[in-house]
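To keep things clear, I will list the structure first and then write my remarks on it.
Not measured: the values here are computed from a predicted model. Below, chains carry the letters A, B, ... as their sequence lines are ordered, and counting in each starts from 1.
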2 protein chains.
Amino acid sequence: MSDEKLKLSNQGCFRLYTAARLMIQAYQPWFAQLGITYTQYLVLMVLWEQDCLPLNAISRRLFLESNTITPLIKRMEAMKIVTRKKSKDDARQTIVALTEHGRAMKQQATAIPDCMSALLQEKGLDGETFATIIPTLDYMIEILFK
Amino acid sequence: MSDEKLKLSNQGCFRLYTAARLMIQAYQPWFAQLGITYTQYLVLMVLWEQDCLPLNAISRRLFLESNTITPLIKRMEAMKIVTRKKSKDDARQTIVALTEHGRAMKQQATAIPDCMSALLQEKGLDGETFATIIPTLDYMIEILFK
DNA sequence: ATATATTTAATCGTTCACGATGCAAATATA
DNA sequence: TATATTTGCATCGTGAACGATTAAATATAT
């Protein structure tokens, strides 16, 4: 019955959307301490892994376009977390690099993944269970990314 | 090693966040036809299931606060999809009801879940596989919702 | 009955997410 | 080498999300 399919309880996407939101909310206390947002944390993780990247590299890694990332990085620049400068090689590119402060934040952030795991564990969701859904999520990302 | 844990590739939350975003993007063509957004679709699904609800009932169902829902519903009111009026029983409540137009949109929307399933299927993700992650997502929502 | 607490929405400010568009630099093609 | 196309980023406008706060109505406790 078509009525049945339109019920909220039958919407997988709604679960995904809600779980993601609540999970990001759960991170808030740690982000608040660092004075950053979730998306800024994602950018930092990319740069902590490899510094001095053109904006499009960050963009590809996070599946976000320049219209989202450009203002985001500018805010991070204003907070002295990163610097932005034009590439010599290709004048179209904007190279994003960590400042000393941005690099130092990594130390404070190292605890976050463990804290989050502990929080979930404590509430009854163990890492193993969570891990089981990752391959499906990855597959979804792969097929849905145009 | 703490470095390892801060890698984007090890972040379950990032998968969740990205999969949700891309999934919502995949819905866009259908929403565009209806002239609504994903969150408005969620509100409509709640009201199609049960009409004339106070804002807080919609709020609880979607795990969203009034600061998100109030402006959203107002936009839907401006589009003549719903009406808003104060409750007689409890003057604090705002009762949200579908207009004739809002009710009629349900017919156009009935195809959406099937179209989405077909799209995923076509790209190689069958319903069964997606269904396997639902219980874990539900459990996450349950434990993370304060 | 009155003071206090709780509930319900709304408002405000900030950031993200994204469609559409613009523009300049780089690259491909004629 | 002139022209077309692509690429990389930025800008603009709109609509979520959400923290913080406020106002009003209702519930409760004294």
Parallel, tilted or perpendicular: ring planes of B/Phe31 versus B/Tyr41, cut at 30 and 60 degrees: tilted

Separation of C/dC12 C1' from B/Lys74 NZ (nearest whole Å): 12 Å

Residues in ring pair (Phe, Tyr, Trp, His ring centres under 6.0 Å) contact with A/Phe14, at least two apart in sequence or another chain: none

salt_bridge(A/Arg103, A/Glu100) N-O dist < 4.0 Å: yes

Distance-only side-chain donor-acceptor flag, A/Asp126 / A/Thr129, under 3.5 Å: yes

Candidate nucleotides C/dT6, C/dA25, C/dC18, ranked by approach to the side chain of A/Ala91 - the nearest: C/dA25

Value in whole Å for how far the C1' atom of C/dA10 lies from CD of B/Gln93: 15 Å

Between C1' of C/dA17 and CG of B/Leu72, the distance in whole Å: 15 Å

Stretch residues 41-56 of chain B: residues that reach within less than 4.0 Å of DNA chain C through a heavy atom: B/Pro54, B/Leu55, B/Asn56

Whichever of B/Asp90 and A/Ala57 has its nearest DNA chain D nucleotide further upstream toward 5': A/Ala57

Integer-rounded Å distance: C/dT11 P and B/Ile69 CD1: 15 Å

Short side-chain N/O contact to C/dA10 OP1/OP2 from B/Thr70, under 4.0 Å: yes

Parallel, tilted or perpendicular: rings of A/Tyr38 and B/Tyr17 (30°, 60°): perpendicular

Rounded interatomic separation in angstrom, taking CG from B/Asp89 and P from C/dT8: 13 Å

B/Glu4 bridged to B/Lys7 by N-O distance under 4.0 Å: yes

Donor-acceptor pair, side chain of A/Arg21 and main chain of B/Phe63, under 3.5 angstrom: yes

Heavy-atom check, side chain of A/Met140 versus side chain of B/Leu125, under 4.5 Å: yes

Whole-Å distance separating the OH atom of A/Tyr17 from the P atom of C/dC16: 17 Å

Length of the CZ-P vector between B/Arg84 and C/dT8, whole Å: 17 Å

Pair B/Ser59, B/Asn56: side-chain N/O donor-acceptor within cut-off below 3.5 Å: no

Terminal contacting nucleotides, 5' and 3', DNA chain D versus chain B (heavy atom, 4.0 Å): D/dG15 to D/dT26

Along DNA chain C (nearest heavy atom to each residue), the more 5'-positioned of A/Ser66 and B/Pro71: B/Pro71

Inter-residue atom distance A/Ile58.CD1 - A/Ile95.CD1, 0.5 Å rounding: 9.0 Å

Whole-Å gap separating P (C/dC16) and CZ (B/Arg21): 13 Å

Strand partner of C/dA30, provided both Watson-Crick or wobble distances fall under 3.5 Å: D/dT1

Nucleic acid contacts of residues 24-39 of chain B, taken as heavy-atom distances under 4.0 Å to DNA chain C: B/Gln25

Partners meeting ring pair (Phe, Tyr, Trp, His ring centres under 6.0 Å) with A/Phe130 (sequence neighbours left out): none

Partners passing ring pair (Phe, Tyr, Trp, His ring centres under 6.0 Å) against A/Tyr139 (at least two apart in sequence or in another chain): none

